[in-house]
Amino acid sequence: MNSFMKRAVELAIENVRAGGQPFGAVLVKGNEIVAEGVNEIHQKFDVSGHAELLAVRRAQERFQTNDLSDFVMYASGEPCPMCFAAMSFAGIDQVYYCNAVEEAVAVGLGKSKEIYEDFGKAKDERTPPMRRMPLEAGQLDPMKVWQEANK
């Protein structure tokens with residue numbers, strides 16, 4: 001285990017001792033830690049306050065960019081679908097994790113596994129179900145407005 005993963009695990013343990021969940025994340029560029037995070041959902045009452053997301057937000061703010069394609073994430077636990085999506089949108093090149101989602105399930109933290117499984121279902125069979133509600137005739141389409149603004 002390298003020093004970056006050791007730091008992510010250390011953050012996770014500190015977070016548990018502070019009343020949080022066992023998740024820590026370290027975002028690295030080159031050979032330098034540029035941002036860290038721990039799950040803060042117990043402090044901020046914000047379900048998006050996951051370790052990886054917070055590290056991504058902090059790096060994007062620090063570097064004033066949405067493109068983190070030269071960055072590497074080290075996470076104490078396998079990233080949930082939300083964090084995976086955020087890292088994908090940010091272009092993060094590599095992700096390493098320590099504890100697998102199955103280990104999280106074994107200690108009562110299994111929502112990520114359920115969500116990953118939900119992605120294999122039809123949209124209307126997911127939890128919560130997703131149902132499309134098309135625009136009404138004559139209603140302005142936000143996608144077309146964006147397309148026109150970005151030509």
Side-chain angles (χ1 to χ4, degrees), residues 1-123 125-128 130 132 141-151:
M1 181 181 299
N2 70 20
S3 63
F4 303 128
M5 185 60 79
K6 285 181 182 176
R7 178 64 182 151
V9 170
E10 178 182 289
L11 288 168
I13 291 168
E14 290 172 7
N15 199 45
V16 169
R17 291 185 175 143
Q21 294 179 338
F23 301 106
V26 173
L27 192 58
V28 174
K29 181 171 183 169
N31 207 20
E32 176 190 351
I33 295 175
V34 297
E36 297 180 339
V38 297
N39 273 36
E40 294 181 357
I41 59 177
H42 66 293
Q43 297 171 333
K44 311 263 179 162
F45 304 101
D46 174 4
V47 296
S48 71
H50 287 202
E52 301 91 337
L53 269 176
L54 294 172
V56 165
R57 287 178 189 158
R58 289 171 181 147
Q60 288 178 322
E61 185 175 351
R62 176 179 171 185
F63 295 103
Q64 294 293 292
T65 184
N66 292 320
D67 181 10
L68 302 179
S69 57
D70 293 333
F71 294 70
V72 180
M73 179 69 74
Y74 293 86
S76 64
E78 185 173 352
C80 75
M82 176 176 60
C83 294
F84 177 80
M87 291 184 294
S88 295
F89 278 121
I92 291 176
D93 288 332
Q94 299 175 56
V95 179
Y96 297 95
Y97 63 90
C98 191
N99 291 113
V101 71
E102 293 78 13
E103 292 168 285
V105 169
V107 298
L109 297 167
K111 193 64 176 171
S112 291
K113 185 174 189 297
E114 294 172 21
I115 296 169
Y116 273 122
E117 290 170 352
D118 245 10
F119 284 131
K121 299 176 184 175
K123 292 175 187 172
E125 293 175 1
R126 295 179 185 164
T127 304
M130 295 175 54
R132 185 167 186 214
D141 183 339
M143 296 295 176
K144 290 182 179 171
V145 171
W146 183 88
Q147 184 181 34
E148 287 297 317
N150 289 282
K151 281 187 175 180

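Numbering starts at 1 and runs along the sequence shown. Every heavy atom of this structure was used, including side-chain atoms; hydrogens, water molecules and symmetry mates were not.
- Among residues two or more places apart in sequence or in another chain, the salt bridge (Lys or Arg N to Asp or Glu O under 4.0 Å) test is passed with Glu32 by Arg62.
- Taking OG1 of Thr127 as the reference point, atom NZ of Lys121 lies at 5.0 Å (rounded to 0.5 Å).
- The distance from atom CG of Asn99 to atom CD of Glu78, rounded to the nearest 0.5 Å, is 10.0 Å.
- Annotation: Phe63, atom CZ; neighbour count of heavy atoms from other residues, nucleotides and ligands within 6.0 Å is above 12.
- Considering CG of Asp46 and CD of Glu40, their distance stands at 9.0 Å, rounded to 0.5 Å.
- Side-chain contact between Cys80 and His50 is present, with at least one heavy-atom pair separated by less than 4.5 Å.
- Heavy-atom minimum distance, Ala35 versus Ala55: CB-O, 3.3 Å.
- Across all their heavy atoms, Leu54 and Gly37 have their closest contact at CB-CA, 4.4 Å.
- Arg58 and Glu61 are not joined by a salt bridge, as no carboxylate oxygen comes within less than 4.0 angstrom of a charged side-chain nitrogen.
- Side-chain atoms of Phe84 and Tyr116, non-hydrogen and from C-beta on, do get closer than 4.5 Å to each other.
- The shortest distance between side-chain heavy atoms of Met87 and Val56 falls below 4.5 Å.
- Distance check, rounded to the nearest 0.5 Å: CD of Gln147 to NZ of Lys144 gives 8.0 Å.
- The shortest non-hydrogen separation linking Ser76 to Ala12 is OG-CB, 3.5 Å.
- The CD atom of Glu52 sits 6.0 Å away from the CE atom of Met73 when rounded to the nearest 0.5 Å.
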I'd like a table of donor-acceptor pairs (distance under 3.5 Å, sequence neighbours excluded) in which one partner is a side-chain atom from residues 14-30, with atom names and distances.
from, atom 1, to, atom 2, distance (Å)
Asn15, ND2, Gln21, O, 2.9
Asn15, ND2, Asn39, O, 2.9
Gln21, OE1, Asn39, ND2, 3.2

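- Side chain of Glu103 to backbone of Ala100: a donor-acceptor contact under 3.5 angstrom is found.
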Derivation of the side chain to side chain contact (heavy atoms under 4.5 Å, CB included) call for Asn2 and Tyr74: CA-CA 10 Å; Asn2 70 20; Tyr74 293 86; 3.3 Å; yes
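- The environment of CG in Asn31 is sparse: at most 12 heavy-atom neighbours from other residues, nucleotides or ligands sit within 6.0 Å.
- Minimum heavy-atom separation, Ser48 to Arg57: OG-NH2, 2.9 Å.
- Nearest heavy-atom pair across Ala59 and Val34 is CB-CG2, 4.5 Å.
- A salt bridge is defined here as a Lys NZ or Arg NE, NH1 or NH2 lying under 4.0 Å from an Asp or Glu carboxylate O, and Glu10 with Lys6 fails to meet this definition.
- Around atom NZ of Lys44, no more than 12 heavy atoms belonging to other residues, nucleotides or ligands sit under 6.0 Å away.
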